[in-house]
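Taking it in order: structure first as structure tokens, then the write-up.
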Protein chains: 2
Amino acid sequence: MKFTMAEENYIKAVYHLQHGQEVVSTNALSAELQTKPASVTDMLKKLKAKKIINYEPYRGVKLSAEGKKVALGIIRKHRLWEYFLVDKLQFGWDEVHEVAEELEHISSNKLIDKLDEFLGHPKFDPHGDPIPDSKGKIIAQPQEQLSRALLHTPVEITAVGSQSTELLELLKHKGLQMGTRLEVKKVFDFDGSLELRIKNQQVVTVSRELASVLFVKSL
Amino acid sequence: MKFTMAEENYIKAVYHLQHGQEVVSTNALSAELQTKPASVTDMLKKLKAKKIINYEPYRGVKLSAEGKKVALGIIRKHRLWEYFLVDKLQFGWDEVHEVAEELEHISSNKLIDKLDEFLGHPKFDPHGDPIPDSKGKIIAQPQEQLSRALLHTPVEITAVGSQSTELLELLKHKGLQMGTRLEVKKVFDFDGSLELRIKNQQVVTVSRELASVLFVKSL
DNA sequence: ACAAAAATTTAGATTTGTCTAAAAATAGAT
DNA sequence: ATCTATTTTTAGACAAATCTAAATTTTTGT
Ligand SMILES: [Mn+2]
Ligand SMILES: [Mn+2]
Ligand SMILES: [Mn+2]
Ligand SMILES: [Mn+2]
């Protein structure tokens with residue numbers, strides 16, 4: 001089945017918001033997509049008619065099996081294009097999300113499979129998020145939040161929990177990026193802020209908010 | 001100024017149809033874009049309001065200076081993406097037009113300039129058409145039709161005058177492509193068909209219609 | 001259990017891009 | 001010069017995606 005750009009953006013948003021949640025609310029979609037709740041309701045009816053979502057009025061929404069497949073296809077495109085932009089075109093990892101937001105809607109499947117091959121079948125995008133394969137299989141990575149990491153234990157940043165320019169600007173300023181190695185020196189109970197030592201470098205302080213959207217793995 | 005996908009497709013169509021012609025007719029646009037003449041009229045009013053075209057009812061349409069700039073920007077994107085698909089992703093030159101038709105609408109200028117650099121600033125697309133530079137400058141290639149080439153004179157195919165699958169299928173079958181060297185052995189007055197000797201290879205016959213959309217340069 | 005608050009849906013309108021059918025203008029032929 | 005055929009525009013309608021305002025349903029707090 002074919003989908004419009006608007007439909008694809010809704011499908012992807014339901015997928016992202018569904019993580020952890022049982023069902024996704026109209027308001028959550030409205031906030032995510034920057035549209036009014038009334039517009040969301042209209043689209044949910046349409047996607048229900050296409051059997052992409054399970055939806056009952058006032059009861060929230062979930063992707064159908066078919067809907068999950070479609071979502072993973074869009075996410076695959078999004079992340080492969082992001083990888084391309086950073087790896088081949090030398091974009092900064094904080095500049096690619098907007099562009100990929102458009103590129104993910106190019107319809108050709110042949111294109112995306114050839115791109116995948118050209119890039120060497122990358123497993124993770126520049127933000128550390130796993131890239132689904134052509135069958136829609138995705139690596140479920142056990143994500144450990146930096147805010148829960150053990151003290152004095154070397155870890156490496158493997159993913160960030162948001163693509164907002166604001167977050168990426170802050171990370172760049174603090175000298176943090178994908179693959180940065182560090183350890184937590186101290187956690188302050190008053191505000192939840194953390195003091196980190198970046199491998200062989202300076203000590204930086206990060207807020208509770210920041211530490212909760214940074215994911216790490218132990219080394 | 002920003003343009004919708006539909007607007008961009010109209011602007012590009014006017015540019016292409018304008019070649020040679022003084023003005024472009026509503027019907028010509030209707031045929032090129034596969035829409036009804038009434039729809040074309042509506043869009044022409046909109047583009048006139050945006051000062052992209054010069055248009056008077058019943059008098060035909062021409063691009064304004066601004067419109068030409070916009071058209072060249074879209075064509076630049078289209079041809080760079082075609083080059084990328086053939087050169088980096090190993091697409092056949094007959095498979096890229098449809099995909100580029102979508103990719104040309106990705107808005108980021110930074111993307112297209114970085115792509116240009118990545119590709120090594122190519123001057124011609126896979127069909128032999130010149131690629132405008134970032135300022136909109138385009139090489140005006142003196143195109144010599146094969147149907148007008150001198151007998152027994154070695155020439156090289158430099159461009160094809162259409163992107164239709166039908167044409168490209170025929171060329172593939174005859175063993176003709178960009179850069180193929182050949183000479184015209186004979187022209188038959190009855191139907192305008194030509195007998196060609198492909199460099200160091202077999203002799204093939206091509207119709208008048210085919211010879212008129214193949215462009216060559218003398219060697 | 002019920003009233004108030006919050007969330008969601010419905011109703012009706014708008015924009016964009018398209019269509020069909022009918023009217024108007026232009027071009028072509030005698 | 002006039003009639004006819006062709007081209008083009010206008011008028012009115014429709015689907016997609018959005019909005020605002022109002023109605024409805026669900027949730028929450030006492
Ligand atoms: Mn998108
Ligand atoms: Mn990403
Ligand atoms: Mn196009
Ligand atoms: Mn081309």
Side-chain angles (χ1 to χ4, degrees), chain A residues 1-14 17-18 20-63 67 70-71 74 101-102 104-107, chain B residues 1-15 17-18 21-63 67 70-71 74 101-102 104-107:
Chain A
M1 209 182 326
K2 298 209 59 200
F3 301 96
T4 65
M5 204 174 293
E7 286 170 341
E8 289 188 345
N9 285 333
Y10 274 89
I11 294 166
K12 191 164 62 107
V14 175
L17 293 170
Q18 202 168 286
Q21 305 295 310
E22 175 59 21
V23 292
V24 177
S25 73
T26 299
N27 267 2
L29 281 165
S30 156
E32 174 84 6
L33 293 162
Q34 318 255 70
T35 58
K36 301 294 163 182
S39 309
V40 174
T41 301
D42 285 346
M43 183 59 92
L44 293 182
K45 285 186 203 163
K46 190 145 61 104
L47 292 177
K48 179 181 177 163
K50 291 194 173 189
K51 300 190 190 295
I52 291 304
I53 58 173
N54 297 120
Y55 163 67
E56 293 305 325
Y58 298 103
R59 288 280 101 95
V61 64
K62 280 202 314 198
L63 287 176
V70 176
I74 302 163
E101 206 53 49
E102 288 183 53
E104 70 189 357
H105 305 292
I106 303 294
S107 60
Chain B
M1 212 183 324
K2 298 209 57 198
F3 301 95
T4 65
M5 203 173 295
E7 286 170 339
E8 289 188 344
N9 284 333
Y10 275 88
I11 294 166
K12 191 164 62 109
V14 175
Y15 180 93
L17 294 170
Q18 202 167 284
Q21 305 295 310
E22 175 58 20
V23 292
V24 177
S25 74
T26 300
N27 267 3
L29 281 164
S30 157
E32 173 83 7
L33 292 161
Q34 317 254 69
T35 58
K36 301 296 167 182
S39 308
V40 174
T41 300
D42 285 346
M43 184 59 92
L44 294 184
K45 286 187 203 162
K46 190 144 62 103
L47 292 178
K48 179 183 175 159
K50 290 193 174 192
K51 301 192 190 290
I52 291 304
I53 59 173
N54 297 121
Y55 163 65
E56 293 305 324
Y58 298 104
R59 289 280 100 96
V61 63
K62 281 203 308 198
L63 289 176
V70 176
I74 302 163
E101 206 53 49
E102 288 183 53
E104 69 189 358
H105 304 292
I106 304 294
S107 60

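Order of the sequence lines sets the chain letters (A, B, ...), proteins ahead of strands, with each chain counted from 1. Everything quoted here is computed from the prediction, not taken from an experiment. Just so you know, these numbers use all the heavy atoms, side chains as well, and skip hydrogens, waters and symmetry mates.
Across B:L29 and B:A13, no two heavy atoms sit closer than the pair CD2-CB, 3.7 Å. Contact detail for A:E7 and A:K2: the closest heavy-atom pair is OE1-O, 4.3 Å.
When heavy atoms are screened at a 4.0 angstrom cut-off, A:S39 is found touching base atoms of the nucleic acid. Using a 4.0 Å heavy-atom criterion, one finds that B:P37 contacts the bases of the nucleic acid, with or without backbone contacts as well. Heavy atoms of B:A38 sit under 4.0 angstrom from at least one base atom. B:T35 comes within 4.0 angstrom of sugar-phosphate atoms only, judged by non-hydrogen atoms across all strands, and of no base.
In this structure, B:S25 does not reach the D:dT7 phosphate: none of its side-chain N or O atoms is under 4.0 Å from OP1 or OP2. In terms of phosphate contacts, B:T26 brings a side-chain nitrogen or oxygen within less than 4.0 Å of OP1 or OP2 of D:dT9. Between C:dA6 and A:N27, no contact under 4.0 Å exists linking OP1 or OP2 to a side-chain N or O. Contact annotation: A:K36 does not reach the phosphate of D:dA21 (side-chain N/O to OP1 or OP2, under 4.0 Å).
Computed from coordinates, the A:N9 CG to D:dT18 C1' distance equals 14 Å when rounded to whole Å. Atom NE2 of B:H105 is separated from atom C1' of C:dT16 by 16 Å (rounded to the nearest Å). Between the P atom of D:dT9 and the CZ atom of B:R59 lies a distance of 10 Å, rounded to the nearest Å. The CG-C1' distance, from B:L44 to D:dT10, rounds to 14 Å in whole Å. Following rounding to the nearest Å, A:D42 (CG) and D:dC19 (P) show an atom-to-atom distance of 10 Å.
Looking at the side chain of A:P57, the nearest of the listed nucleotides D:dC19, C:dT9, D:dT10 is C:dT9. Here D:dT18 is the nucleotide among C:dC19, D:dT18, C:dT10 with the atom lying nearest to any side-chain atom of A:Y10. Looking at the side chain of B:Y58, the nearest of the listed nucleotides C:dA25, D:dC19, D:dT27 is C:dA25.
B:K12 has no carboxylate O lying under 4.0 Å from a charged side-chain N of B:E32, or vice versa, which leaves the two without a salt bridge.
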### Task
Test B:V14 against B:Y55 for side chain to side chain contact (heavy atoms under 4.5 Å, CB included), laying out the working first.
CA-CA 11 Å; B:V14 175; B:Y55 163 65; over 6 Å; no
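In this structure, A:E8 and A:V70 have side chains that are not in contact, with every pair of non-hydrogen atoms separated by 4.5 Å or more.
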